[in-house]
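The structure under discussion appears below in the form of structure tokens.
None of the values given here were measured: they were computed from a predicted structure.
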Amino acid sequence: AAFLGEHKYRGKMIAASVAALIIVAAFAPKSSFERLFSLASASSSNLKELNDAGSAEQRYQIWRVARAMAVDNPIVGVGTGAYKYVHNLYVARRPGFDPFAGGLRDTHSTYLNVAAETGFPGAIIFSLIFLATAAAVGRARRRLKDVSPERSSYLRYLRVGLLAFLTAGIFGTYVHIAFTYLLVVILVSSAKVFEDDVTSGRLRRAVT
């Protein structure tokens, strides 16, 4: 959607995208649609009935444990890297959790993982990293909009990529993966370099 919004031949790109979706739908296995439609109508009370080998139910139960862990340890958490061990103890020793979610589990959520391992202060600091990154890119884009639309568009796609990554973080644990922070470095350094070019006049002179 972000690409189509700025593309010169928007109509052709939309037609090509629709054609690609039709082709994918034609060759996708029937089971994928059944799972998609069942998930769309799911609620916490009927997750065990879904045709997904228990994936949704297990994830929901794991999230319950992670949420309880974060609430029980709101200031300092349970310690970086300790989640799976404490998770196992929570399910084994505390009533109210489904044994189905037992074992050395991952949170399957970046944000629940950060909150459980570092407490809510740590979760706030982690969030500020990405909010500050998005703000830096947005500031650079505004300065580049009239001087260099190409660079402004480049930063726009980087920021959209960051949003996609953060959305995926709802269902995956990326806090301990180096790529998470490399993405931040790429965005901030690109914004800084482009802003310096505008401030120094090098970029304006190159355009004129």
Side-chain angles (χ1 to χ4, degrees), residues 1-10 13-14 17 59-60 62-64 66-84 106-208:
F3 181 73
L4 293 175
E6 291 188 350
H7 201 275
K8 182 178 179 181
Y9 303 103
R10 190 179 308 173
M13 288 301 301
I14 292 175
S17 300
R59 186 183 300 268
Y60 173 72
I62 289 173
W63 282 1
R64 288 186 62 230
R67 182 178 60 184
M69 199 182 301
V71 172
D72 292 344
N73 304 274
I75 305 302
V76 297
V78 299
T80 302
Y83 177 83
K84 62 182 180 180
D106 179 75
T107 51
H108 296 288
S109 173
T110 297
Y111 311 108
L112 285 175
N113 184 273
V114 173
E117 290 191 350
T118 65
F120 293 114
I124 292 173
I125 293 172
F126 183 78
S127 300
L128 288 175
I129 293 173
F130 298 97
L131 289 174
T133 300
V137 173
R139 183 177 61 249
R141 281 198 65 227
R142 288 190 294 272
R143 298 192 65 183
L144 288 162
K145 188 174 181 180
D146 297 327
V147 179
S148 178
E150 295 82 5
R151 288 173 172 81
S152 177
S153 180
Y154 170 78
L155 290 178
R156 180 171 186 256
Y157 293 130
L158 281 179
R159 192 165 65 169
V160 170
L162 176 65
L163 177 61
F165 182 81
L166 294 177
T167 303
I170 298 173
F171 306 100
T173 306
Y174 306 137
V175 63
H176 300 301
I177 299 177
F179 295 116
T180 304
Y181 309 100
L182 287 175
L183 180 60
V184 170
V185 171
I186 291 171
L187 267 75
V188 173
S189 59
S190 298
K192 177 63 176 174
V193 168
F194 291 164
E195 272 199 294
D196 287 347
D197 285 342
V198 175
T199 302
S200 64
R202 292 192 299 270
L203 184 57
R204 186 175 298 278
R205 285 195 297 272
V207 173
T208 56

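- Counting non-hydrogen atoms of neighbouring residues, nucleotides and ligands closer than 6.0 angstrom, the CZ atom of R67 reaches no more than 12 such neighbours.
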Worksheet item: Would L144 and V198 count as a side chain to side chain contact (heavy atoms under 4.5 Å, CB included) if you check the C-alpha gap in whole Å, the side-chain angles of each, and the deciding distance to 0.1 Å?
Response: CA-CA 7 Å; L144 288 162; V198 175; 3.6 Å; yes
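- Each of S148, S153, P149 was evaluated against R151; a single residue qualifies, S148, per the side chain to side chain contact (heavy atoms under 4.5 Å, CB included) test.
- Of the inter-residue distances, the one linking W63 atom CH2 with F171 atom CZ reads 5.0 Å to the nearest 0.5 angstrom.
- To the nearest 0.5 Å, atoms OG1 (T118) and CD1 (I75) are separated by 11.0 Å.
- For the residue pair Y83 and A66, the shortest heavy atom distance occurs at OH-CB, 3.4 Å.
- In plain terms, the two heavy atoms of G169 and Y111 that are nearest each other are C-CE1, 3.6 Å.
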Practice prompt. Take L187 and F130 through the test side chain to side chain contact (heavy atoms under 4.5 Å, CB included) and record every step on the way to the result.
Written response: CA-CA 10 Å; L187 267 75; F130 298 97; over 6 Å; no
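- One N or O on the side chain of E117 and one on the backbone of G81 form a donor-acceptor pair closer than 3.5 Å.
- With rounding to the nearest 0.5 Å, the separation of OG1 in T133 from OH in Y181 is 11.5 Å.
- Between the CZ atom of R59 and the OG1 atom of T107 there is a distance of 9.5 Å, given to the nearest 0.5 Å.
- In plain terms, the two heavy atoms of A191 and A136 that are nearest each other are CB-O, 3.9 Å.
- Considering CD of E150 and CG of L155, their distance stands at 12.0 Å, rounded to 0.5 Å.
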Worksheet item: Stepwise, does the side chain to side chain contact (heavy atoms under 4.5 Å, CB included) test hold for R142 with K145?
Response: CA-CA 5 Å; R142 288 190 294 272; K145 188 174 181 180; 5.9 Å; no
Worksheet entry | side chain to side chain contact (heavy atoms under 4.5 Å, CB included) evaluation trace for L112 with M69 | CA-CA 9 Å; L112 285 175; M69 199 182 301; over 6 Å; no
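- No donor-acceptor distance shorter than 3.5 angstrom exists from the side chain of Y174 to the backbone of L166, with no hydrogens or angles considered.
- In summary, the aromatic rings of F179 and F165 are positioned with their centroids too far apart to meet the 6.0 Å limit.
- No donor-acceptor contact under 3.5 angstrom links the side chains of N113 and T173, judged on distance only.
- For the atom pair OG1 (T110) and CZ (F126), the distance works out to 6.0 Å, reported to the nearest 0.5 Å.
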